[in-house]
2 protein chains.
Amino acid sequence: MSTEDSAPRKRPTINDIAAAAGVSKPTVSRVLNGHPDVSAATRHRVQEVAAELGYVPSADARALSTGRHGALGLLMPAFSWWGFNELQYGIAHEAEKRGLRLLVQALHPGDEAEREFVTRTLPTLPVDGLILLMPEGMLRYVGDLARSGRPVVVVDDRGNRPGIPYVETTNRDGVREAVAHLVGEGRRRIGFLAGQMGSAYARARFEGYLDGLREADLPYLPELVSLSEDAPVEPLPEDLDAVLDAEPDAVVAAWDEIAFAVMNAVHARGWRIPEDVAVIGFDDSPLARAVRPSLTTVHQPCREMGEAAVRMLADAIEHGTGPANASVPTRLVIRESTGPITTA
Amino acid sequence: MSTEDSAPRKRPTINDIAAAAGVSKPTVSRVLNGHPDVSAATRHRVQEVAAELGYVPSADARALSTGRHGALGLLMPAFSWWGFNELQYGIAHEAEKRGLRLLVQALHPGDEAEREFVTRTLPTLPVDGLILLMPEGMLRYVGDLARSGRPVVVVDDRGNRPGIPYVETTNRDGVREAVAHLVGEGRRRIGFLAGQMGSAYARARFEGYLDGLREADLPYLPELVSLSEDAPVEPLPEDLDAVLDAEPDAVVAAWDEIAFAVMNAVHARGWRIPEDVAVIGFDDSPLARAVRPSLTTVHQPCREMGEAAVRMLADAIEHGTGPANASVPTRLVIRESTGPITTA
DNA sequence: TTGTATGCGTTATCAG
DNA sequence: CTGATAACGCATACAA
């Protein structure tokens, strides 16, 4: 019905525009790239013709000519992470705003695969910069990454690499606020539970706990704290029990998974949440909202972290900016697992 | 310490290789692309020199020359989905195996944004094919997508578009098996709960329920079923209550969220799971494992679905294969919410 | 089996 | 302000 051909013809190039507009190729290029030194008349004509022809630039040709790919790469680990979806959306969104495409590269576990990746596939990626997501083992190679000539940003690095810029969240402050919230509800025996402490953010959150106590002039009671140096992600059941034996009226968990374990243990003892003991987590993973009672927790702004990472990377690509980390603020999300204390 | 320059020199091109190996450019190209008509001697020499120089091909140049980008695009919706991480990992993995890169493009909600996307940014994407993930509103434009000249595959299309190949899971069979499992545990009054039925997979799962009943010679009891035509994602509380009032000894939920709602309602009545009533979900979302009791559910193989999508797309790109859908098999994951019946 | 010439679509350099 | 011309790195006819 319309006048368009249904057969998808060859895409028009700047050559076609040039011919149709009666100007030269470079002039078209200048117009399309917004260069100032073009007469208003020709600029107008060229734009008109370009629109009429349905011109879309060739990313590949541009990349070849400029030496820049106009894209950045996201290296994703093999394991699933609750915040990945949001983080990537933030990255993709911010990248698009800046005219950058997003290339995703899956990382494979295992030494062999990592080495192979760094030496073989990494150099071939047509990207101007890299975002490395919680690389775990990859961290050993992060130096090589940086040396590959392209700027690198690490998101939520566990144990920051010197010289590599990273994006984190306000781990310390977030927990401090959480403690303050509990104090405001009348809690005085506030416990802290963490699993493995091998990461920078775990230590930061513990510091935030101490800050919170200090701020409220509460004493540090070792029996209310478990840092399970060598435990897996969650604290050992006996450590958890030990803390509960000390009868806290609130527990701050270093991350949500721990909070869920706490809630189960508390329920098992027949104690009520939040009447007898309040529970606060960290992350605001999807589970936090779904669990009963729903979990008050420190929201980790994954989408914003992704955006920040892209901003840093884009700056580094354009102005060769050096390492300048970013710390995206958390936000306390109050749900059902906290509330005024009821127990004597 | 080593002999390498630390200053990242200009990347070597096939020109450099040609010069160093004393052959011509095209010869190098042929060797690198595995063309047969090259003498073993030169082939060897070229490969040696290429390795020595640390040559990596330029994806951009190759794309420009061949007219193929060697990449495929994943269109991701703005909302979070529990299976996205796994799905994308499957896509990325399979794409890499086939030497394809993965471009991720975020979709923005809203009519204006969608139209803008299809007409402006979509044509510029340097990809040879597109994977469209549960596009919701985008479905209106899926025709335009296909007409853009590049093959398109839809993952988990709700209400399949004619002519557009899609990847789904065995919704019908999965539920049938779930029912069989319940029957095997002695359940006889098996209910079925769904939220909105506007999607193809919801209807398929209901059919599976009917299949299961039929297979076990169980009667279809309308009072045990709620299809809430116009409800939101979860069924209305009154519908749920109505089904429970009919005293089922098991409930199959069309997806996990519904199962969680069922579990809460069952607990609220003081009934035990699974002793009094068993519950089975569909999806195997992360919550299913975390909830107490953990949820028996039909596992939806997101990673495999991603792999299948890439296979279909790659075939379509290479051989221009027409629409040939894929159905990836589900797997029943038995956890605590089912078990032998105890109630009289 | 190998080399020459040319083209892919764009930007950059340099005259005019 | 504009237009020739070259260059980006690679692949492909075609000729040798």
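The analysis underlying the following values was restricted to heavy atoms, covering all of them including side chains, and did not include hydrogens, waters or symmetry mates.
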Side chain proximity check, A/Trp82 to B/Asn85, heavy atoms < 4.5 angstrom: no
Pairwise side-chain contact, B/Val23 with B/Arg45, heavy-atom cut-off 4.5 Å (strictly under): yes
Angle of first-five versus last-five pair axes in the helix from C/dT1-D/dA16 to C/dG16-D/dC1, to 10 degrees: 40°
Residue list, salt bridge (Lys or Arg N to Asp or Glu O under 4.0 Å) with A/Glu116, at least two apart or on another chain: A/Arg120
Residues touching DNA chain D, which here means a heavy atom under 4.0 Å, drawn from residues 24-42 of chain A: A/Ser24, A/Pro26, A/Thr27, A/Arg30, A/Asp37, A/Val38, A/Ser39, A/Thr42
Gap between atoms NE2 and C1', on B/His69 and D/dA11 respectively (whole Å): 16 Å
5' priority, DNA chain C, between B/Ala61 and B/Gly22 [closest heavy atom]: B/Gly22
B/Arg43 (side chain) donor-acceptor with B/Asp37 (main chain) under 3.5 angstrom: no
Nearest-Å distance for atom pair CD1/P, residues B/Ile17 and D/dA11: 11 Å
Rounded interatomic separation in angstrom, taking CD1 from B/Ile14 and P from D/dT12: 11 Å
Mutual orientation of the aromatic rings belonging to A/His108 and B/His93 [parallel < 30°, tilted 30-60°, perpendicular > 60°]: perpendicular
Summary of salt bridge (charged side-chain N to carboxylate O under 4.0 Å, His left out) pairs that have at least one residue in residues 73-89 of chain B, sequence neighbours excluded: B/Glu86-B/Arg303
Nucleotide interval of DNA chain C bounded by contacts with chain B (heavy-atom cut-off, under 4.0 Å): C/dT1 to C/dG9
Atom pair distance, as rounded to whole Å: CZ in A/Arg45 and C1' in D/dC1: 13 Å
Heavy-atom check, side chain of B/Pro123 versus side chain of A/Arg11, under 4.5 Å: no
Side-chain touch B/Thr42/B/Val31, heavy atoms, less than 4.5 angstrom: no
Sub-4.5 Å side-chain heavy-atom contact between A/Leu74 and A/Phe84: yes
Salt bridge (charged side-chain N to carboxylate O under 4.0 Å, His left out): pairs with one or both residues in residues 96-105 of chain B, sequence neighbours excluded: B/Glu94-B/Lys97, B/Glu94-B/Arg98
B/Leu64 backbone acceptor or donor facing A/Asp60 side chain under 3.5 Å: no
Rounded distance in Å - CG (A/Leu64) to C1' (D/dC10): 8 Å
